[in-house]
S.K.: 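Dropping a structure here in structure tokens format, bear with me for questions.
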Amino acid sequence: MSDEQKQNHNWAANQQRLWDDLMALGELTEPGIPYTRRSFSEMFLKGRDYLTKRFEEAGLDTFVDENGNLIGRLEGTDPERGTLMIGSHSDTVPGGGRFDGVAGVVAGLEVARALKDAGIRLKHNLEIVDCLAEEMSEYGLSCIGTRGMTGQLKPEMLDYKGPNEESLRDAITRMGGKPDAIKQESRKDIKGYLELHIEQGKVLETAGLDIGVVTTIVGITRIEITVKGLPDHAGTTPMDLRKDALSGAVEIIAGIRDKAKEIAKKGEGYFVATTGEVTVEPNAANVVPSTVKLVIDSRAQTRVLMEEFLAFINDVMPNLATAQGVEVSEVKILSDSLHSECDDDLSDLVKDMSDQLGLTSMRMTSGAGHDAAFFSRIAPTAMVFVPCKDGRSHCPEEWSEPEQIAAGTAVVFETLCKMDAR
Ligand code: GLV
Ligand code: MN
Ligand code: MN
């Protein structure tokens with residue numbers, strides 16, 4: 001983007017209004033852990049109150065659907081054509097940022113306002129959606145709202161337990177959803193989905209480009225592994241007589257890291273695996289650890305790579321614990337989503353609209369998961385990435401410039417108008 005463009009652009013999106021909303025939502029954070037608004041928390045509901053007010057001011061009919069998604073809707077002049085959706089998520093990871101997810105929701109809101117300002121009424125219905133719990137939640141599941149809306153939230157998932165043994169079913173109810181009304185089939189009226197998101201990597205910034213047009217979104221498989229040992233006195237139990245569950249877990253964590261490196265090195269596609277959650281019981285300095293739960297987040301560009309990793313988890317991983325005198329008592333696949341592809345035609349349109357606005361762009365894959373991955377299975381879907389500083393994300397330093405977000409929003413606006421005219 002040239003300096004001239006930064007100063008004097010004539011985009012439909014109102015950069016200052018968009019930015020003010022982003023910064024105001026950033027203020028709604030758990031005190032002492034900026035910028036945290038975990039799904040299902042009181043702070044999350046405060047964020048939703050803020051969004052509800054802005055949606056209503058924009059003239060949107062605003063409600064929470066049965067899945068717990070916050071939706072702002074504007075009926076089209078020809079509602080039979082179906083619904084075009086713009087969305088993302090307003091929840092964050094712990095200590096996360098002010099842009100991941102929420103930039104896409106605010107971009108959708110700004111598109112709705114810009115349409116109103118320009119006196120444009122779409123033929124399609126327009127829905128701006130804040131999808132519930134895109135980030136991995138305390139209930140062992142991510143993308144809960146989008147799974148629900150697209151018929152991919154299985155009934156047994158509603159029984160997953162979170163803090164204080166609350167079921168996901170009850171947590172969705174707390175968010176204003178109606179879990180008993182969640183269907184096992186997708187909404188049929190959705191004719192297209194657009195999502196703006198910060199890139200969360202360094203590719204665009206390094207290349208000096210304004211816009212990324214996403215091709216593939218990696219598949220994500222999350223696995224919970226329970227390692228069982230024996231709680232014993234840490235002072236009186238000799239080293240060769242103890243069953244230390246954490247010793248077994250350490251070997252598993254290292255084995256997973258090495259296997260992931262091996263798969264990634266093959267050069268057959270993107271692959272990563274992370275042990276990001278470790279729970280130790282009883283978690284006391286003078287007791288030998290008796291139970292360890294690990295949650296593994298593994299991501300692959302192709303199913304073949306994921307299958308190789310899952311074979312390792314089944315066939316080799318348990319032996320790493322046995323070698324330490326403890327055992328893997330349970331391996332639970334929490335979720336297993338295939339990689340997904342954005343729609344080629346719609347992505348071409350995004351690219352054309354970027355060109356038309358004088359913005360530079362490139363195609364790219366996404367190593368992060370997105371709500372778009374679930375929509376891509378039921379409707380033409382495209383994602384608009386904008387650069388973020390030093391590629392940092394899922395951390396408080398996450399940052400994009402106002403004009404970068406506004407540029408991406410302008411691309412979404414122009415693409416939406418063209419989709420409506422098709
Ligand atoms: C979402 O941020 C994810 O990729 O985990
Ligand atoms: Mn995220
Ligand atoms: Mn996100």
Side-chain angles (χ1 to χ4, degrees), residues 22 25-26 29 33-41 44 47 51 69-70 86-108 129-147 193-201 203-204 212 214 216-223 260 270-277 295-301 306 334-340 342 364-376 381-388 391-400 405 408 412:
L22 264 181
L25 280 156
T29 170
I33 342 171
Y35 293 94
T36 303
R37 204 168 42 247
R38 294 290 288 153
S39 54
F40 302 105
S41 67
F44 175 73
L51 283 168
N69 299 306
L70 175 69
I86 305 173
S88 197
H89 59 99
S90 70
D91 63 316
T92 73
V93 296
R98 286 170 285 183
F99 298 85
D100 172 3
V102 72
V105 179
V106 173
V129 54
D130 169 23
C131 304
L132 180 64
E134 188 271 351
E135 303 288 3
M136 179 66 167
S137 69
E138 273 85 8
Y139 298 80
L141 208 58
S142 63
C143 296
I144 292 170
T146 25
R147 282 177 205 272
Y193 175 79
L194 293 173
E195 181 168 351
L196 173 143
H197 208 285
I198 59 165
E199 180 205 330
Q200 307 183 275
V203 175
L204 291 174
V214 175
T216 307
I217 302 170
V218 289
I220 307 182
T221 304
R222 296 201 174 98
I223 309 158
Y270 191 72
F271 186 87
V272 288
T274 308
T275 307
E277 263 187 68
V295 179
I296 318 302
D297 175 304
S298 48
R299 303 183 180 214
Q301 196 175 344
M306 187 59 83
L334 296 173
S335 60
D336 187 18
S337 308
L338 285 179
H339 62 280
S340 50
C342 288
M364 59 195 304
T365 50
S366 171
H370 297 289
D371 293 301
F374 287 85
F375 284 108
S376 73
T381 292
M383 283 200 80
V384 177
F385 272 2
V386 295
C388 58
R392 302 291 310 283
S393 183
H394 281 188
C395 58
E397 292 78 17
E398 195 175 77
W399 184 258
S400 285
I405 307 276
V412 173

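In listed order, ligands and their atoms are each counted from 1.
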S.K.: Identify, with sequence neighbours excluded, every residue that meets ring pair (Phe, Tyr, Trp, His ring centres under 6.0 Å) alongside Y139.
M.R.: F40
S.K.: Backbone or side chain, does H370 get an N/O/S atom under 2.8 Å to the Mn ion (ligand 3)?
M.R.: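 No.
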S.K.: So, for G26 and R37, which heavy atoms are closest and what is the spacing to 0.1 Å?
M.R.: N-NH1, 4.4 Å
S.K.: Is there a heavy atom of R222 sitting under 4.0 angstrom from any atom of ligand 1?
M.R.: yes
S.K.: CG of L25 to CZ of R98: how many Å apart, nearest 0.5 Å?
M.R.: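 Atom-to-atom, L25:CG and R98:CZ are 12.0 Å apart.
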S.K.: In Å, rounded to the nearest 0.5 Å, how long is the span from OG of S39 to CD of E135?
M.R.: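 These two atoms lie 8.5 Å from each other.
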S.K.: Check ligand 1 against E134 and write out every atom of the ligand that is under 4.0 Å from a heavy-atom position of the residue.
M.R.: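 Counting atoms of ligand 1 from 1, those under 4.0 Å from E134 are 1 (C), 2 (O).
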S.K.: Would you say the ring centers of F385 and H370 fall short of 6.0 Å from each other?
M.R.: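 Ring centroids of F385 and H370 are less than 6.0 Å from each other.
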S.K.: With a heavy-atom distance limit of 4.0 Å, tell me whether H394 approaches ligand 1 through its side chain, its backbone, both, or neither.
M.R.: side chain
S.K.: To check your reading of the site, what angle at the Mn ion (ligand 2) do OE2 of E135 and NE2 of H394 form, to 10°?
M.R.: 110°
S.K.: What atoms of ligand 1 come closer than 4.0 angstrom to any heavy atom of G369?
M.R.: 1 (C), 3 (C), 4 (O)
S.K.: Would you kindly say whether H89 and D371 are connected by a side-chain donor-acceptor distance under 3.5 Å?
M.R.: no
S.K.: At what distance, to the nearest 0.5 angstrom, does OG1 of T216 lie from CD of Q301?
M.R.: 5.5 Å
S.K.: Within a distance under 4.0 Å of any heavy atom of A368, pick out the atoms of ligand 1 and give their elements.
M.R.: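 The list of qualifying atoms is 4 (O).
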S.K.: Just go through Q200, E135, R299 and tell me whose heavy atom is the nearest to atom 4 (O) of ligand 1.
M.R.: R299
S.K.: Working to 10°, measure the angle at the Mn ion (ligand 3) formed by atom OD1 of D100 and atom NE2 of H89.
M.R.: 90°
